[in-house]
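Single-structure report; data block below.
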There are 2 protein chains.
Amino acid sequence: MKRSYHQFCGVARALDLVGERWTLLIARDLLLGPRRYGDLLAGLPGITTNLLALRLKELRANGLVQRTEQRGVVGYELTALGRELEPILMALGRFGFHFMQGPKKDDKLDVGWALLSSKRRYTGAAEATIELVFGERHFQVRARKDYVDVKEGTPWEAEARVFVSPEAFRGILYGGESSDEHEKSGRLRIEGSRDAWQRYQAAFGMRVGKHGAKQRGSLERER
Amino acid sequence: MKRSYHQFCGVARALDLVGERWTLLIARDLLLGPRRYGDLLAGLPGITTNLLALRLKELRANGLVQRTEQRGVVGYELTALGRELEPILMALGRFGFHFMQGPKKDDKLDVGWALLSSKRRYTGAAEATIELVFGERHFQVRARKDYVDVKEGTPWEAEARVFVSPEAFRGILYGGESSDEHEKSGRLRIEGSRDAWQRYQAAFGMRVGKHGAKQRGSLERER
DNA sequence: CAGGATCCGCCGCGATACTG
DNA sequence: CAGTATCGCGGCGGATCCTG
């Protein structure tokens, strides 16, 4: 680290490590699991390749990220220390939510970010293991009593596999829209346990029930 | 805000607002209560007057800080929205704690930062209202079952007033040192309820009891 | 003297081209 | 695919100046 605030304070120390531009966004993307250099580059519109390389170098030097290489494929993943950035990212996410009435134009959308934000809404109300499939991208959500895990990648086993468009999923997550209606219109398809999908939605504060009254959008409800 | 990440994501939105250099450190200092321009300038070594003025302007434009003027004295304080930055700052503080074995040389120390970090350690174990006096600086800590409040300034009423040097307080808070020994050596003096001071220390995980075994430093114990 | 504004120089960052 | 090299600009650091 070249530039430092030179303050004996946890906040300042943390910002010395992860306060530079792009650093926390890289960590956010890595929270969903290991990523390759090109994935990170594509997922962070606006970052330049030299800066991404520099940030990864800094993160590795500080012990927050490690580089892995398996069968010639290099990847980056958070270390145990780096995973402790999660509370920071969740707190930032909750705060930023106040300013997310809707996507502004030029805003990039990423269903992975939506899934990450859904983690904050877990109520502990139910358990479920779900695979969400958005075209080529697969996510696994595992909700247990004491923890929630959201990862990108092919899951091992899930009670249900749900194929859904990002728009429909965002509508269900943020807009209080009904999964059933999206299913009728063909933008959502369930394989496996429909009950698990219901449990998942209940656990994350989504609208549940075929004939339930129209709920207010979660955008307005989130704590 | 001039520069934006252009991502529909709470983390990115939050960083659009408070991710620029110095912004979160200004918010940290304002968490302890309203501050005057000169106080902020003096409390943030390295910041320049132009940048402080710019950051305050941005924070006000975004509705996180408001300018107050009473009897010709201008001050800056967090708005209700700005106070919602506290979870972010606490999460940063906890993370940064991993890298705070001791003050490096050239590190500025500020007893206000130490008090703020102590907030995270509140166990809810006891209630107390304490005034801490470090030379010219007065802090009030109010611990209740459901919340903790730490403010700088002259308090209204406290069960006990404790005069202590910053070094001794840091030793008690971080180093597991004994309040009694500092009292004997004259670096700590208690006015009012000694019991309240004991309750305060217990509630914040400090060493309690005259003859208790030497505890490990809190630096090693903090979650 | 508090509360800023103005000017200048540098380096962190953005954009592009290039390499193994 | 996974980076490195180069260049230009603007955000930021340092100092000074202005105004009630």
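Because the structure is predicted, anything quoted here is derived from the model rather than measured. Letters go in sequence order (proteins before strands), and every chain restarts at 1. The basis for the numbers below is simple: all heavy atoms, side chains too, and nothing from hydrogens, waters or symmetry mates.
The aromatic rings of Tyr174(B) and Phe97(B) sit tilted, their planes meeting at an angle between 30° and 60°. Ring planes of Tyr122(A) and Phe204(A): tilted class, angle from 30 to 60°.
Across dC13(C), dG4(C), dG3(C), the shortest atom-to-atom separation from the side chain of Val74(B) is found for dG3(C). Relative to the side chain of Tyr37(B), the nucleotides dC13(C), dG4(C), dA17(C) differ in distance, and dG4(C) lies closest. When distances are taken from the side chain of Arg3(A) to each of dG12(C), dG14(C), dA5(C), the shortest belongs to dG12(C).
Between the Arg161(A) side chain and the Ile190(A) main chain, no donor and acceptor come within less than 3.5 Å of each other.
Note on Val73(A): nothing from the nucleic acid sits closer than 4.0 angstrom, heavy atoms only.
One atom, CZ of Arg67(B), and another, P of dA2(C), lie 15 Å apart when rounded to the nearest Å. Atoms CG (Asn50(B)) and P (dT6(C)) sit 11 Å apart, rounded to a whole Å. Whole-Å rounding puts the Leu41(A) CG to dT16(C) P distance at 13 Å.
Taking every heavy atom of both residues into account, Ala160(A) and Ala196(A) meet most closely at CB-CB, 4.3 Å.
Counting 5' to 3', DNA chain D first comes under 4.0 angstrom of a heavy atom of chain A and last does so at the ends given by dC1(D) to dC12(D).
Phosphate proximity of dA2(C) to Arg36(B): absent, as no side-chain N or O sits under 4.0 Å from OP1 or OP2.
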